[in-house]
**Student:** 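Take this structure, written in structure tokens, and hold onto it; I'll ask about it next.
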Amino acid sequence: MDSREEAFIAVSGISNAEAHLVDGHTLVWEKAKNAKEVRLYVSLGGNIEPEKDYTFDEQYIVLKSSTLSEGIKSKFPVLANQAAFSIDADIDMRPVMKAELVAMAVDEKSQLIAATKVQSAGALDQLFAGAAQKADLGAMLTDDGTQFKLWAPSAQNVVTVLFDENKKELGRLQMAYDEQSGIWSLTTDKAASGTYYRYLVNVFHPLSGKVESYQVTDPYSLSLSMNSEFSQVIDLNDPSLKPDGWDELQRPVKQDNPADFVIYESHVRDFSALDQSTPETLRGKYGAFTQTDSVPVNHLKSLKENGTTHLHLLPFFDIATINEEPAKVAEIDQPFSKLCDVNSGVKESRFKQYCSSEKTIADVLETIKADDSPTNPVVQELNRFVSQTDGFNWGYDPFHYTVPEGSYSTNADGTKRILELREAIKSVKESVGMNVVMDVVYNHTNSAGPDSKTSVLDKIVPWYYNRLDEITGSVKNSTCCSNTAPEHAMMEKLITDSLVVWARDYKIDSFRFDLMGHHPLSQIQNSLEAVKKVDPNTYFYGEGWNFGEVENDRLFTQATQKNLGGTGIGSYSDRLRDAVRGGTPFDGKEDIRKNQGFGNGAYVLKNDISETTKAEALHNTDIVRLGMAGNLKDFVMIDSTGLVKHGDKVYYSGNCDEPTSKDCQYAGYAEDPTEVLNYVSKHDNQTLWDNNQYKIDYSLRTLTRVRMQAVSLATVMLGQGVPFTQMGAELLRSKSMQRDSYDSGDWYNKVDFTLQDNNWDKGLPRKDKDGDNYSVITDVINGAAESAKPYSEYTEQMVEFFKELTDLRQQYPLITLGKGSEVKARVDFHNTGADQVPGLIVMSIDNGQALNSDIDPNLDAMVIVINATPEQQDFTLNGVTGLELSPLHKSELASGATVKDSTLSVPAWTPAVFIQPRGNARGTGIPVVAKN
């Protein structure tokens with residue numbers, strides 16, 4: 001077979017997609033740089049295939065060699081140095097976008113050099129997005145009837161298909177096409193509120209290589225049928241969809257200074273799924289938040305009374321991976337026989353004998369736990385069957401971005417989910433008194449392609465909404481699934497329009513962005529500006545991780561940690577997290593135990609295999625200090641070697657010895673502390689309790705382990721960033737050492753607000769995630785024995801510790817300065833340098849007379865001491881007098897902490913806050929010491 005034949009065969013089957021239409025009349029394709037002629041073949045029928053003699057009958061456009069403008073180079077940096085070709089400006093390319101496109105390069109003898117599919121997102125943006133961006137898309141009830149609008153510029157035809165409440169087809173209505181915007185529209189009086197609908201789309205899909213015809217739900221859906229099979233026409237302003245007093249509902253907590261926040265990360269199902277005080281029909285549902293006297297809600301109220309301000313809920317938009325039909329779901333508190341009915345695989349498994357028993361699934365899990373071992377991890381094996389058909393998932397599997405998840409409603413079919421979510425939000429704000437944060441996941445879709453049931457966007461405008469590999473055209477999945485392309489104008493519009501709906505129509509107070517680093521910073525900022533038009537004090541924060549195909553600003557300036565300073569947008573800090581917890585979330589096997597952190601004994605109380613050196617422990621303490629100062633890049637501190645450094649020169653990770661190294665990361669990156677989310681526990685990775693058990697010396701008793709939990713949380717709660725914590729950190733919550741519990745169900749994710757069971761040692765965690773860790777997990781369970789399983793009195797004590805920490809933060813505005821300039825002027829650290837006492841942080845915050853503003857009229861200064869050592873520590877602040885232990889210390893948290901003259905004495909594993917009350921006049925305070 002000669003190369004010519006190979007090339008023809010490649011183009012007639014699956015081939016790469018190396019050519020890019022970066023605008024309507026410019027093609028970029030490096031392989032064609034030496035071609036005599038470049039052609040763009042066009043086929044509305046999707047019939048670009050070679051004849052028997054390897055010739056083509058389809059029409060084509062001849063392109064000319066060209067150069068890229070600086071604007072194009074800036075927009076497409078990966079393509080900036082590739083060969084460019086221009087299309088005759090007189091050719092109207094809008095209708096061409098509806099066809100199959102193949103670029104071919106030929107030599108002087110007209111023989112084929114190369115052929116490839118074409119990626120045309122840039123052209124779609126340039127040709128259509130400008131006219132489409134201000135349009136209202138979706139189904140809207142107007143005075144003239146219901147208006148449907150769908151952006152689908154590459155579609156060859158779109159028909160609106162209407163259905164009644166029983167999902168029987170009512171009729172099909174042809175939509176009109178606007179060639180300037182690419183919008184298909186229809187206004188009709190035949191689709192009243194409550195009518196279900198889908199779009200019948202005819203479109204060429206490059207993946208299948210043919211013109212597809214399928215019915216698709218609306219990406220701008222506001223309501224859905226059960227399991228998202230049909231979109232529904234509704235008006236979110238319909239009074240029947242609003243609880244009483246909804247329009248007058250106000251947020252209970254001001255948001256002008258995010259440093260005042262204490263964010264509590266929860267999950268709709270975890271919150272109440274197994275709670276006996278919640279009515280059975282509402283367990284794991286939105287409605288659980290409306291039960292004002294249930295145990296979980298009363299727990300939230302007690303947290304709010306002591307300073308917790310925001311309830312962050314893991315994703316509750318429409319989720320692709322939860323079955324919304326109750327009859328097809330088996331929960332662990334239901335009969336095992338139902339699991340056998342809904343999951344036929346169980347009947348063929350070694351658990352089949354339980355199919356005829358009277359036991360619940362939970363009963364069986366408890367029964368088989370006695371046989372659980374590394375060689376027979378039977379609990380997780382059964383739980384894998386459960387996870388296939390239960391109602392649990394973290395929810396990072398978006399199906400429709402702007403509709404509440406149906407499985408959390410008592411009726412997933414239609415609008416009940418809307419009303420019940422609003423009732424839950426209203427109850428959290430009015431009854432509990434917290435603001436509500438929504439966890440959003442716009443960085444990926446659950447799937448893409450013409451065949452997947454959960455593919456929506458890619459069926460409507462193929463190869464546009466998802467980010468493609470620039471060579472192969474395959475959808476990138478570095479996020480986990482099918483990455484979206486927020487760098488494309490209409491994906492940005494979809495994100496922004498969705499956020500505005502959640503802020504305006506559901507009164508969401510703040511938004512947390514999953515994998516925010518996969519978004520362009522400009523898109524996040526534009527979306528923030530749009531949301532601020534309906535809520536001026538909204539707050540955005542997210543995961544500013546830097547990885548994947550976008551890493552190091554490869555495709556655009558990312559919304560990553562290093563780029564967020566000065567934007568007012570928050571990002572999670574892995575710096576303080578790793579320094580306190582020890583190691584990284586990616587450690588495995590014995591490395592998990594070897595790498596201790598500030599909060600669990602690094603160097604000062606080594607476990608049996610610890611490899612953490614004194615130098616490493618002291619350096620980690622530097623990172624904790626910087627984190628408690630808001631992780632500011634220009635905060636000046638003395639590091640553990642005695643050098644004066646700015647925050648952006650304190651080493652965190654990677655190779656920083658080479659100036660051109662791309663993996664070097666320094667610790668400080670923020671300009672204001674409100675741009676940093678400090679945390680030591682969230683839904684990802686092991687819980688704080690589980691992480692600590694990995695690392696703590698086996699000899700330590702339960703009380704010391706509890707105090708280590710409090711010490712770890714104190715670095716977050718008493719620091720200058722925005723504190724963030726996982727639901728249950730105050731309950732010593734365990735997931736039985738589970739690293740990643742995203743679909744591990746209620747068994748491993750249980751939260752017990754009655755404080756009777758922290759869920760420790762319920763069976764080895766899932767094998768595919770933690771199988772390599774089974775040996776060390778077993779050693780920890782056996783070595784720690786009963787010390788790692790706290791009785792209720794220890795959990796009660798930890799709850800009091802947590803509430804005291806949040807109360808201290810709430811009552812002392814010097815802990816929540818909010819501005820980088822104030823932090824640098826007031827915050828200082830003592831016990832620093834090479835001769836410091838390991839494991840001891842002494843932080844002063846000045847409010848003395850030398851400062852212009854008076855943050856707290858009752859105090860001249862305060863000192864926060866965190867003793868993360870096994871011994872009492874005495875530290876003298878030379879020349880400082882008038883300090884006393886804060887009267888807000890009412891539990892045993894700081895019991896035994898004292899002051900004598902200028903010396904502070906703090907017991908082992910204790911955080912303590914000391915204050916310098918003001919006398920008749922403002923005093924000197926504790927000024928920041930100049931550092932040269």
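This chain uses plain numbering: 1 for the first residue, then up along the sequence.
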**Student:** Would you compute the distance between atom OG1 of Thr560 and atom CD of Glu551 and round it to the nearest 0.5 angstrom?
**Tutor:** 10.0 Å

**Student:** Could you go through the salt bridge (Lys or Arg N to Asp or Glu O under 4.0 Å) check for Arg593 and Asp608 one step at a time?
**Tutor:** CA-CA 9 Å; Arg593 185 161 176 80; Asp608 53 312; 2.8 Å; yes

**Student:** Is it true that Thr496 and Glu492 share a donor-acceptor pair across their side chains at a distance under 3.5 Å?
**Tutor:** no

**Student:** Would you give the length of the straight line joining atom CZ of Arg625 to atom CD1 of Ile841, rounded to the nearest 0.5 angstrom?
**Tutor:** 5.5 Å

**Student:** Does Lys682 count as lying over the ring of Tyr572, i.e. NZ or CZ under 6.0 Å from the six-ring centre, within 45 degrees of the axis?
**Tutor:** yes

**Student:** Which residue, Val827, Asn678, Ile866, forms the side chain to side chain contact (heavy atoms under 4.5 Å, CB included) with Met628?
**Tutor:** Ile866

**Student:** Are the aromatic rings of Phe513 and Phe540 close, with centres under 6.0 Å apart?
**Tutor:** yes

**Student:** Show the numbers, then the answer: is there a side-chain hydrogen bond (donor to acceptor under 3.5 Å, both in side chains) between Asn595 and Glu611?
**Tutor:** CA-CA 6 Å; Asn595 295 321; Glu611 295 184 349; over 6 Å; no

**Student:** Step by step, would you call Asp260 with Thr816 a side-chain hydrogen bond (donor to acceptor under 3.5 Å, both in side chains)?
**Tutor:** CA-CA 6 Å; Asp260 290 334; Thr816 60; 2.9 Å; yes

**Student:** Do Phe547 and His518 touch side chain to side chain, with heavy atoms closer than 4.5 Å?
**Tutor:** yes

**Student:** Please step through ring-ring contact (aromatic ring centres under 6.0 Å, His included) for the pair Phe724 and His312, ending with a clear verdict.
**Tutor:** CA-CA 9 Å; Phe724 180 98; His312 167 136; 5.3 Å; yes

**Student:** Establish, yes or no, whether a centroid distance under 6.0 Å links the rings of Phe511 and Tyr539.
**Tutor:** no

**Student:** Applying salt bridge (Lys or Arg N to Asp or Glu O under 4.0 Å), run through Arg554 and Glu549 and close with a yes or a no.
**Tutor:** CA-CA 7 Å; Arg554 179 175 176 269; Glu549 73 280 358; over 6 Å; no

**Student:** With distance as the sole criterion, is a donor-acceptor pair present between the side chains of Asn552 and Asp663 under 3.5 Å?
**Tutor:** no

**Student:** Of all heavy-atom pairs between Lys735 and Ser741, which one has the smallest distance, and what is that distance?
**Tutor:** NZ-OG, 2.9 Å

**Student:** Whether the Arg577 and Tyr679 side chains hold a donor-acceptor pair (N or O, under 3.5 Å, no angle test) is what I'd like checked.
**Tutor:** yes

**Student:** Among side-chain atoms of Tyr652 and His619, is any donor-acceptor pair under 3.5 angstrom?
**Tutor:** no

**Student:** So Phe598 and Tyr603, side-chain contact (heavy atoms from CB on, under 4.5 Å) or not? Walk me through it.
**Tutor:** CA-CA 9 Å; Phe598 176 83; Tyr603 182 71; over 6 Å; no

**Student:** May I have the step-by-step check of side-chain contact (heavy atoms from CB on, under 4.5 Å) for Thr725 and Met717, ending in yes or no?
**Tutor:** CA-CA 9 Å; Thr725 190; Met717 294 300 167; 4.1 Å; yes

**Student:** Where is the tightest heavy-atom contact between Ser744 and Gln738, given as atom of each residue plus distance?
**Tutor:** OG-OE1, 3.1 Å

**Student:** Quick one: do the Ser478 and Asn483 side chains pair a donor with an acceptor below 3.5 Å?
**Tutor:** yes

**Student:** Would you call Arg581 and Asp587 a salt bridge, taking side-chain N to carboxylate O under 4.0 Å as the test?
**Tutor:** no

**Student:** Between Ser74 and Glu70, does a side-chain hydrogen bond (donor to acceptor under 3.5 Å, both in side chains) hold up when you go through it step by step?
**Tutor:** CA-CA 6 Å; Ser74 176; Glu70 291 304 313; over 6 Å; no

**Student:** Is a side-chain donor or acceptor of Arg575 paired with a backbone partner of Ala667 at a separation under 3.5 angstrom?
**Tutor:** yes

**Student:** Is there a donor in the side chain of Asp690 and an acceptor in the side chain of Ser734, or the other way round, less than 3.5 Å apart?
**Tutor:** yes

**Student:** For Leu718 and Pro911, work out which heavy atoms get closest and say how close.
**Tutor:** CD1-CB, 4.4 Å

**Student:** Run through Gln665, Gln558, Lys562, Lys662 and flag the one making a side-chain hydrogen bond (donor to acceptor under 3.5 Å, both in side chains) with Asn546.
**Tutor:** Gln558

**Student:** Distance check, rounded to the nearest 0.5 Å: Leu713 atom CG versus Leu688 atom CG?
**Tutor:** 5.5 Å

**Student:** Quick one: CD on Gln720 to CZ on Arg826, what's the gap to the nearest 0.5 Å?
**Tutor:** 10.0 Å

**Student:** For a quick test of reading the model, state the closest non-hydrogen atom pair linking Asp697 to Arg705 and the distance between them.
**Tutor:** O-NH2, 3.2 Å

**Student:** Which heavy atom in Gln726 sits nearest to a heavy atom in His683, and how many Å separate them?
**Tutor:** NE2-CA, 3.6 Å

**Student:** With side chains defined as the heavy atoms from C-beta onward, is the minimum distance between Thr445 and Asn466 less than 4.5 Å?
**Tutor:** yes

**Student:** Using the salt bridge (Lys or Arg N to Asp or Glu O under 4.0 Å) rule, take Glu487 and Arg467 through it: C-alpha gap first, then chi angles, then the decisive distance, then the call.
**Tutor:** CA-CA 9 Å; Glu487 62 270 28; Arg467 186 178 298 127; 2.9 Å; yes

**Student:** Could you go through Thr641 and Asp639, starting from their C-alpha distance and side-chain angles, then the distance that decides it, and tell me whether this counts as side-chain hydrogen bond (donor to acceptor under 3.5 Å, both in side chains)?
**Tutor:** CA-CA 5 Å; Thr641 68; Asp639 77 359; 2.8 Å; yes

**Student:** Of the non-hydrogen atoms in Gln693 and Val780, which two are nearest, and what is the gap between them?
**Tutor:** O-CG1, 3.3 Å

**Student:** Does the side chain of Ser571 come under 3.5 Å of the side chain of Tyr669 through a donor N or O and an acceptor N or O?
**Tutor:** yes

**Student:** Please walk me through it: do Trp463 and Gln119 pass side-chain contact (heavy atoms from CB on, under 4.5 Å)?
**Tutor:** CA-CA 7 Å; Trp463 279 21; Gln119 298 186 37; 4.2 Å; yes

**Student:** If only atom types and distance count, is the side chain of Glu616 paired as donor or acceptor with the main-chain N or O of Thr613 below 3.5 Å?
**Tutor:** yes

**Student:** Under a 3.5 Å threshold, yes or no: a donor from one side chain and an acceptor from the other, between Thr484 and Tyr442?
**Tutor:** no

**Student:** Measuring from atom CE of Met516 to atom CG of Asn563, what distance do you get when rounded to the nearest 0.5 angstrom?
**Tutor:** 10.0 Å

**Student:** Could you tell me the separation between the CE atom of Met708 and the CG atom of Asn691, rounded to the nearest 0.5 Å?
**Tutor:** 11.5 Å

**Student:** With distance as the sole criterion, is a donor-acceptor pair present between the side chains of Asn607 and Ser610 under 3.5 Å?
**Tutor:** no

**Student:** Stepwise, does the side-chain contact (heavy atoms from CB on, under 4.5 Å) test hold for Ile623 with Val650?
**Tutor:** CA-CA 8 Å; Ile623 293 178; Val650 175; 4.3 Å; yes

**Student:** Under 6.0 Å between ring centres, would you say that holds for Tyr465 and His488?
**Tutor:** no

**Student:** Between the side chains of Ser510 and Gln255, is a donor N or O closer than 3.5 angstrom to an acceptor N or O?
**Tutor:** yes

**Student:** Run Asp743 and Arg766 through salt bridge (Lys or Arg N to Asp or Glu O under 4.0 Å) and show every step you take.
**Tutor:** CA-CA 10 Å; Asp743 73 338; Arg766 53 185 294 180; 2.5 Å; yes

**Student:** Looking just at side-chain N and O atoms, do Asp622 and Ser640 make a donor-acceptor pair shorter than 3.5 Å?
**Tutor:** yes

**Student:** Check for a donor-acceptor pair, side chain of Asp672 on one end and backbone N or O of Glu675 on the other, with a separation under 3.5 Å.
**Tutor:** no

**Student:** Can you tell me if Asp439 and Tyr396 form a side-chain donor-acceptor pair at under 3.5 Å?
**Tutor:** yes

